[in-house]
2 protein chains.
Amino acid sequence: MMSDDHVIFIVDDDERIREALSDLLDSHGMRAVSFASAGEYVSADKPDLPACLILDVELPDINGLDLQRQIADGDHPPIVFITGHGDIPSSVRAIKHGAVDFLTKPFSDADLMAAIGAAIAEDRDKRAERAELSVLGQRYRELTPREREVLPLVVSGLLNKQAAAELGISEVTLQIHRRNVMHKMAAASLADLVRIAERLEIPITHSRRVGGN
Amino acid sequence: MMSDDHVIFIVDDDERIREALSDLLDSHGMRAVSFASAGEYVSADKPDLPACLILDVELPDINGLDLQRQIADGDHPPIVFITGHGDIPSSVRAIKHGAVDFLTKPFSDADLMAAIGAAIAEDRDKRAERAELSVLGQRYRELTPREREVLPLVVSGLLNKQAAAELGISEVTLQIHRRNVMHKMAAASLADLVRIAERLEIPITHSRRVGGN
DNA sequence: CCGCAATTCATGGAAATCCATGCATTGCGC
DNA sequence: GCGCAATGCATGGATTTCCATGAATTGCGG
């Protein structure tokens with residue numbers, strides 16, 4: 001019974017290791033996809049599912065730790081490193097850069113399965129977070145340039161007349177932009193909009209000034 | 001010229017190590033305080049400064065990794081582990097639990113100083129964050145029980161009449177509580193209050209409903 | 001030229017928030 | 001009993017936000 005809600009990528013140049021890991025994962029009803037090199041893995045079409053990347057440190061084309069840094073900016077899954085010749089500085093570096101675990105061969109099936117489970121759970125959380133941020137980011141990008149200027153002023157807490165003064169426009173125009181921002185960002189209240197702005201890390205550049213409760 | 005804006009704690013049962021580290025730090029104008037055991041360190045009065053804890057893994061009274069877990073809930077400084085007999089699982093565990101580095105003897109002065117620098121910088125950031133949260137937390141604790149009920153409703157974005165209905169009181173009374181909350185939390189605007197509530201991780205339990213813009 | 005989006009401004013008016021002030025009740029500590 | 005804090009409610013009124021509707025200008029693409 002092969003589960004369809006996740007996938008585990010195995011990148012190791014040693015075919016016996018790949019086979020052994022595939023069999024182990026298969027026996028747990030987990031889907032595995034194997035690659036003999038980092039280049040293969042990077043180039044491959046991958047299913048859009050919560051995942052885990054089991055990565056050998058000594059690869060023929062690149063050091064596993066260097067691949068970790070290389071793919072860090074993309075939405076690659078959490079890494080579980082495996083290695084036959086690891087050293088402590090490598091393990092420290094791997095973990096500090098976000099790897100879930102660093103296992104030296106021979107490692108127990110239990111340790112590997114635990115690490116994989118943690119990696120998939122972490123990827124699920126991260127993917128949900130990214131999906132939500134992507135929606136918010138898309139909405140933000142649909143704002144007009146002016147609306148994008150109004151947003152930080154509004155979520156800073158300025159009165160409409162104060163925000164209007166900042167931009168050198170009438171309060172009435174500011175209100176129009178404000179309403180459009182609320183609508184486009186799907187915010188039911190100012191409180192909603194403030195939280196959305198926080199999620200998008202929009203900087204707060206002002207504070208409501210005295211005389212404006 | 002001994003600097004007064006930080007301190008480095010050294011916990012190692014080997015007196016020669018303590019001396020060597022103290023001398024090294026001294027030569028960099030950094031203040032060091034040494035302890036021969038974990039118990040001594042934990043019991044000692046410590047200056048309230050940004051700090052770094054250089055911690056030996058093999059201590060006479062407790063394993064350094066266990067001490068890390070033990071002090072995790074208090075405001076202890078970031079840890080740089082040093083060890084003569086480290087293994088990879090220990091280093092993984094140390095870093096995953098927040099240690100800045102895990103250095104095996106013999107380690108270079110440069111590596112140690114770099115780790116110490118990073119630890120102190122991290123402690124500075126964390127201490128600033130904790131200080132701010134402490135102020136906000138204190139303000140929150142000074143709210144009356146009723147005001148503490150009103151706060152999450154207000155920052156959820158409910159209209160005053162909606163929040164009042166939630167508590168079964170008049171809108172006028174809700175407004176009084178609202179104003180008191182704003183004042184006690186030192187919020188100049190609703191936007192401020194929403195951000196404060198986020199910092200305090202006050203859960204959002206409601207959303208403004210249709211019919212209430 | 002036309003249509004559209006972006007930006008600007010306005011009016012009239014309703015709803016909501018905010019403020020100052022006043023009053024009342026209850027429970028607690030001195 | 002008194003004073004205080006917590007909680008509740010009210011009035012009158014000012015300010016702010018929100019809404020619907022209307023109009024104008026500019027720049028761009030078809």
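Chain naming here is simple, since letters A, B, ... match the order of the sequence lines and numbering starts at 1 in each.
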- Task: Pick base, sugar-phosphate or nothing for Arg179(A), based on heavy-atom distances below 4.0 Å to the nucleic acid.
- Result: base
- Task: List for me each residue that meets ring-ring contact (aromatic ring centres under 6.0 Å, His included) alongside Tyr41(B), sequence neighbours excluded, and say none if there are none.
- Result: Phe9(B), Phe35(B), His76(B)
- Item | Close side-chain approach of Glu142(A) to Glu147(A), heavy-atom, < 4.5 Å | no
- In whole angstroms, the gap separating C1' of dT17(D) from CZ of Arg208(A) amounts to 11 Å
Tabulate protein N/O versus nucleotide N/O from nucleotides 6-9 of chain C, keeping only pairs under 3.5 Å, one per line.
unit_1: dT7(C); atom_1: OP1; unit_2: Arg146(A); atom_2: N; d: 3.1
unit_1: dT7(C); atom_1: OP2; unit_2: Thr144(A); atom_2: OG1; d: 2.3
unit_1: dT8(C); atom_1: OP1; unit_2: Arg146(A); atom_2: NE; d: 2.9
unit_1: dT8(C); atom_1: OP1; unit_2: Arg146(A); atom_2: NH2; d: 2.7
unit_1: dT8(C); atom_1: OP2; unit_2: Arg146(A); atom_2: NE; d: 3.2
unit_1: dT8(C); atom_1: OP2; unit_2: His177(A); atom_2: NE2; d: 2.6
unit_1: dC9(C); atom_1: OP2; unit_2: Ser170(A); atom_2: N; d: 2.7
unit_1: dC9(C); atom_1: OP2; unit_2: Ser170(A); atom_2: OG; d: 3.2
unit_1: dC9(C); atom_1: OP2; unit_2: Thr173(A); atom_2: OG1; d: 2.9

- Message: So Arg31(B) and Leu25(B), do their side chains get closer than 4.5 Å, heavy atoms only?
- Response: no
- Message: Could you check whether any side-chain N or O of Arg18(B) sits under 3.5 Å from a backbone N or O of Asp12(B), counting only pairs where one atom can act as donor and the other as acceptor?
- Response: yes
- Message: Nearest whole Å is fine: how far is dT17(D) C1' from Gln162(A) CD?
- Response: 14 Å
- Message: I'd like to know if the side chain of Arg148(A) and the backbone of Leu143(A) have a donor-acceptor N/O pair within less than 3.5 Å.
- Response: yes
- Query: How long is the line joining CG of Leu158(A) and P of dT16(D), in whole Å?
  - Reply: 13 Å
- Atom-to-atom span, CD of Glu149(B) to P of dA6(D) - whole angstrom: 14 Å
- Assign each of Gln175(B) and Gln175(A) the nucleotide of DNA chain C bearing its closest heavy atom; nearer the 5' end lies the nucleotide of Gln175(A)
- Item | With Gln175(B), the side-chain hydrogen bond (donor to acceptor under 3.5 Å, both in side chains) member among Arg179(B), Arg178(B), Glu171(B) | Glu171(B)
- Task: In whole angstrom, give the distance that lies between atom NZ of Lys161(A) and atom P of dT15(D).
- Result: 8 Å
- Message: With a 4.0 Å limit, can you tell me whether Asn160(A) has a side-chain N or O closer than that to the phosphate oxygens OP1/OP2 of dT17(D)?
- Response: yes
Using a cut-off of under 3.5 Å, enumerate the N/O to N/O pairs linking the protein to nucleotides 23-30 of chain D.
none

- Trace of the side-chain contact (heavy atoms from CB on, under 4.5 Å) decision for Met113(B) with Leu24(B): CA-CA 9 Å; Met113(B) 295 310 297; Leu24(B) 174 66; 4.1 Å; yes
- In terms of heavy-atom contacts, does CD of Gln138(A) have more than 12 from other residues, nucleotides or ligands at under 6.0 Å? yes
- Considering only heavy atoms from C-beta outward, does the side chain of Leu193(A) approach that of Leu151(A) to under 4.5 Å? yes
